[in-house]
There are 2 protein chains.
Amino acid sequence: MNKMSDLLERLRDRGWRLTSQRRVVAEVLDGDHVHLTADEVHARAAERLPEISRATVYNTLGELVALGEVLEVATDGRAKRYDPNAHRPHQHLVCFACGTIRDVHPTGDPLASLPSAERFGFTITTAEVTYRGLCADCARSAA
Amino acid sequence: MNKMSDLLERLRDRGWRLTSQRRVVAEVLDGDHVHLTADEVHARAAERLPEISRATVYNTLGELVALGEVLEVATDGRAKRYDPNAHRPHQHLVCFACGTIRDVHPTGDPLASLPSAERFGFTITTAEVTYRGLCADCARSAA
DNA sequence: TTCTTGACTTAGACTGTGTCTATCTTAGGA
DNA sequence: TCCTAAGATAGACACAGTCTAAGTCAAGAA
Ligand SMILES: [Mn+2]
Ligand SMILES: [Mn+2]
Ligand SMILES: [Zn+2]
Ligand SMILES: [Zn+2]
C-alpha cells in the first residue's frame, strides 16, 4: 500500500509487537522532507491516539533509529529531529529565518574534499553537510 | 603577547568593561582545537576565579559569539561547544568513540557541490561539514 | 476461545542544558 | 573620591530528554 505499511511489516518480521502506539508514530513520520521533533511527533500522534505518552514516542523513535529506519538530525542546538528518509543518503538545506528543512543531494563524494594531511590519523566514514540560506518565501518577506 | 590579549584589546575598543570574569573566560578559550561546553568553560574559569557564576559564563560566551569572536558548534544533540577559532574558516572532524573534535580545512568550495536544481529557490550562504570517524587512539583500543 | 506472560505503555520524577529576573557589585569616567 | 550604568550573582524557571515503578495488552499456548 504505502511506505509505512512496508515499514510496519519489516518491524513485525523483526519480532516487534505491533501496537497502536507504534503504528501511529510510524504513520506520523510518513512523507517527504519530514523532519519533526519528538514533541511534534507526540502532538500529531495524540490527535489520533490521545492517550499516547511522551515516553512511548521517545522509546519508539529510539527503536526506529536503532533499527536504521529513521535518522536523527541535529541542525541546530535545539531539539533533535526525526527523518524517515533513511534509505536514500542525503544532506540538509535549512532556512535561517523559518527553519524549514529540505532534503538535498549534493554531487560527488563529500569525503573527497578532505586531504589526508587534514585527517589527523582518523578513519573517516561519514560527512554530514548542512547548507544554510534564505528560502524563497523568507527572501520575499525580507525585501 | 598572545591572541587573547589581542582579543581583550579589541573588546575594550568596542566599549566593553574589562572585568576579571570576562578576562578568565577569554583566557580559558585560548588555544588550538578548543571546543569546550559552557559548563567546561565555567569549571576551568572557576579554578582561577572561584566565585564566577554560570550566568556570567553564558552571558560572556553569548556576547563573544554576537561579536563574531567565538563560534558556536553543535556537533551532537548535547551541549553546544564554544570555538575561539573564528578567524579562519574551517570544518570539524569528530571521533565517534571519544568525541574529540579537530579543526580541518577541506579543499574547494563546499557550496559548489549542490546543483541549482537541488536548491529549492534558496539563497544559500554557508555550508557546515562534520566529518566523523575513529581517531587513531580509539582505533587502536578497539583492535 | 480463553489464559498467560513478558513485552509494552504510562505518569511523573529526575537530569542536563540553557534562560531569565531581582538584587548586589564594580569599572571607569567626572 | 564619588557616582552610576554596566556587569555579576543566586536561584527560579523552561525545555529536551531519560528513567522507574506500576499497570496494560498482543499474541502464542492450550
Ligand atoms: Mn532529511
Ligand atoms: Mn573549530
Ligand atoms: Zn524560510
Ligand atoms: Zn577517539
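It should be emphasised that the depicted structure is a prediction, and the values quoted were computed from it without experimental measurement. Chain identifiers are assigned alphabetically (A, B, ...) following the order of the sequence lines, protein sequences preceding nucleic acid strands; residue numbering begins at 1 within each chain.
Taking atom CG on A:N59 and atom P on D:dT18, their separation rounds to 9 Å, with Å as the unit. In this structure, A:R22 places its CZ atom 11 Å from P of C:dA7, rounding to the nearest Å. As rounded to whole Å, 12 Å separates atom P of D:dA8 from atom CD of B:E51. The CD1-P distance, from A:I52 to C:dA11, rounds to 10 Å in whole Å. Computed from coordinates, the B:L8 CG to C:dA27 P distance equals 15 Å when rounded to whole Å. Rounded to whole Å, the distance from CG on A:L11 to P on C:dA7 is 17 Å. One atom, CG of A:D39, and another, P of D:dA14, lie 16 Å apart when rounded to the nearest Å. Straight-line distance from the CZ atom of B:R81 to the C1' atom of C:dG16: 13 Å, rounded to whole Å.
B:R78 contributes no side-chain N or O that forms a donor-acceptor pair with the base of C:dG16 under 3.5 Å. Residue-to-nucleotide contacts include a donor-acceptor pair under 3.5 Å from the side chain of B:R17 to the base of D:dA6.
One finds a side-chain N or O of A:Y58 lying less than 4.0 angstrom from the OP1 or OP2 phosphate oxygen of D:dG17. Proximity of A:Q21 to the phosphate of D:dT24: no side-chain N or O atom is located under 4.0 Å from OP1 or OP2. Between A:S53 and the phosphate of C:dT9, there is no side-chain N or O to OP1/OP2 separation shorter than 4.0 Å.
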- Kindly determine whether A:H33 and A:H35 satisfy side chain to side chain donor-acceptor pair (under 3.5 Å), including the steps that lead there. CA-CA 6 Å; A:H33 302 283; A:H35 305 93; 5.8 Å; no
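Closest to the side chain of A:A55, from the set C:dA11, D:dG11, D:dG17, is C:dA11.
Here A:T19 lies in heavy-atom contact (under 4.0 Å) with sugar-phosphate atoms only. Among the protein residues, A:A79 comes within range of the sugar-phosphate backbone only, with heavy atoms under 4.0 Å from sugar or phosphate atoms but none that close to a base.
Follow the hydrophobic side-chain contacts under 4.5 Å out from B:W16 and you reach B:L49 in the same cluster.
A residue-by-residue look at B:Y82 and B:S20 shows that B:Y82 has its nearest nucleotide of DNA chain C further toward the 5' end. Place B:R54 and B:L18 on DNA chain C by their nearest nucleotides, and B:R54 ends up nearer the 5' end.
B:I124 is listed as a side-chain neighbour of B:L114, based on a closest heavy-atom distance under 4.5 Å. When side chains are defined from C-beta on, A:L64 counts as touching A:L11, because their heavy atoms get closer than 4.5 Å. In this structure, the side chains of A:V129 and A:Y131 come closer than 4.5 Å at one or more pairs of heavy atoms.
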